[in-house]
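Before any comments, here is the structure.
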Amino acid sequence: MSQPTVAVLRPDDSRIVEAVEYLQSLDVSPIPDPMLAITPTGQVPQHADYCIFTSETGVDIAATAGWKQRGTTVCAVGDQTATALCNRGYSVDIVPSTFTSTGLVDELSTEVEGQTVELARSAHGSEVLVEGLEAAGGIVSETALYRLKRPETAGQSVSLAVDGKLDGILFTSPKTIEHFVQIATERDAVAALQRELEETIVGAIGAPTKRAVDKHGIAVDVMPDTVGFTQLAEVTVRRILDTHQ
């Protein structure tokens, strides 16, 4: 068979470049269609007993702004976030065994009573962390380090999906699927999109992304056990090849 065509919707930065290179290494024809543009807010995390980072982007922005750890217990949601922290010279104290906000709440629930907890993340984070940590007695504050916007150039993957020309598509965050469906809605193509994606292998990183995809009437075929992009790409491509055998 010819090379599978796989759309990838990573943010419009080095991650989309790395994703394309990795998919090419898997003998895939990648369709890069960034669905996220990152706009820093200029804010810096406040000092607290605990500081929680939920993404590589947040780590990079905080480090560039000069955030100092100063004895703070640093928590990372996911290995990639933890690696980004280490690469920036921070020590990582807690990485939940389940790479989700709920997993982190479970990990911290017996520790944070009466402690200050800072959430350093995007302006679009869910309330799961806030509600769970406050219920455990934490004094929670939140700093929105960046906002996520839809690039004006986004949409090629929507066109290809509606035309039935994708073998696979990779959703890497809830916001990517939200913007993807927004574009289809603006083109009055949601029904056609849902129909054609039934024949496409749909991969999603993490339970929150899967829930977002499910909400829009699209079935997720692949969700790896970890939240790394390489794992998502590998298992999705493997499923595509198995389907075409």
Side-chain angles (χ1 to χ4, degrees), residues 1-36 55-56 78-80 98-100 148 150-151 153-245:
M1 61 176 285
S2 59
Q3 285 190 331
T5 301
V6 178
V8 55
L9 314 183
R10 297 237 74 185
D12 191 14
D13 54 23
S14 61
R15 282 172 287 184
I16 194 73
V17 177
E18 293 166 359
V20 166
E21 292 174 350
Y22 192 73
L23 286 168
Q24 288 172 334
S25 77
L26 299 177
D27 293 325
V28 162
S29 177
I31 304 295
D33 192 12
M35 286 285 161
L36 299 176
S55 70
E56 299 171 71
D79 283 340
Q80 290 183 307
T98 302
F99 295 161
T100 64
L148 300 170
R150 192 180 93 194
T153 55
Q156 182 187 10
S157 60
V158 178
S159 299
L160 292 173
V162 169
D163 291 340
K165 295 182 179 178
L166 292 180
D167 295 297
I169 186 165
L170 306 176
F171 293 110
T172 55
S173 72
K175 209 69 178 171
T176 58
I177 177 65
E178 180 181 318
H179 289 167
F180 181 79
V181 174
Q182 278 180 359
I183 294 170
T185 301
E186 291 163 6
R187 297 176 182 178
D188 195 24
V190 173
L193 180 73
Q194 292 168 330
R195 182 174 61 251
E196 292 299 334
L197 285 181
E198 291 178 3
E199 304 301 321
T200 303
I201 302 301
V202 176
I205 285 183
T209 304
K210 181 183 184 302
R211 285 195 297 270
V213 177
D214 290 340
K215 184 180 74 173
H216 292 290
I218 299 168
V220 172
D221 301 291
V222 172
M223 188 181 77
D225 293 333
T226 62
V227 294
F229 174 78
T230 56
Q231 290 86 350
L232 175 67
E234 288 170 5
V235 294
T236 302
V237 170
R238 192 178 308 128
R239 178 71 66 87
I240 292 169
L241 296 177
D242 290 344
T243 302
H244 286 276
Q245 282 183 351

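This is a predicted model, so every value here is computed, not measured.
Across every non-hydrogen atom of L232 and G203, the tightest pair is CD1-C, 3.7 Å. Contact detail for L23 and A233: the closest heavy-atom pair is CD2-CB, 3.9 Å. Minimum interatomic distance between P34 and A154 (heavy atoms only, all atoms of both residues): O-CB, 3.4 Å. Among all heavy-atom pairs drawn from S157 and M35, the shortest one is OG-CE, 3.7 Å. Taking each heavy atom of P30 and V28 in turn, the nearest pair found is CD-O, 3.0 Å. When all heavy atoms of L197 and V202 are compared, the pair lying nearest together is O-CG2, 4.2 Å.
One finds the CG atom of D13 at 8.0 Å from the CD atom of E18 (value rounded to the nearest 0.5 Å). One finds the CD1 atom of I16 at 11.0 Å from the CD atom of E21 (value rounded to the nearest 0.5 Å). Considering CG of D221 and CD1 of I169, their distance stands at 11.5 Å, rounded to 0.5 Å. With rounding to the nearest 0.5 angstrom, the NZ atom of K210 is 15.0 Å from the CD1 atom of I205.
With respect to E56 and R10, no salt bridge is recorded, no charged nitrogen being found less than 4.0 Å from a carboxylate O. Salt-bridge formation is not detected for the pair D242/R238: no Lys NZ or Arg NE/NH1/NH2 atom is positioned less than 4.0 Å from an Asp or Glu carboxylate oxygen. Using a 4.0 Å cut-off between charged side-chain N and carboxylate O, E178 and K175 make a salt bridge.
Remark: the backbone N or O of L9 is not paired with any side-chain donor or acceptor of D33 at under 3.5 angstrom. At distances below 3.5 Å, at least one donor-acceptor pair connects side-chain atoms of D167 with backbone N or O atoms of T5. Of the possible polar contacts, none joining the S29 side chain to the Q3 backbone as a donor-acceptor pair under 3.5 Å is found. When atom types are taken as modelled, the side chain of Q194 and the backbone of H216 share a donor-acceptor pair closer than 3.5 angstrom. Within the 3.5 Å criterion, the main-chain N or O of V158 finds no donor-acceptor partner in the side chain of R187. A donor-acceptor pair is defined here as one N or O able to donate and one able to accept, closer than 3.5 Å; no such pair exists between the side chain of R239 and the backbone of V222.
The closest side-chain heavy-atom distance from F180 to L193 is below 4.5 Å. The shortest side-chain heavy-atom distance between T172 and L36 does not fall under the 4.5 Å cut-off. K165 is not listed as a side-chain neighbour of I31, based on a closest heavy-atom distance of 4.5 Å or more. At least one side-chain heavy atom of R211 sits less than 4.5 Å from a side-chain heavy atom of P208.
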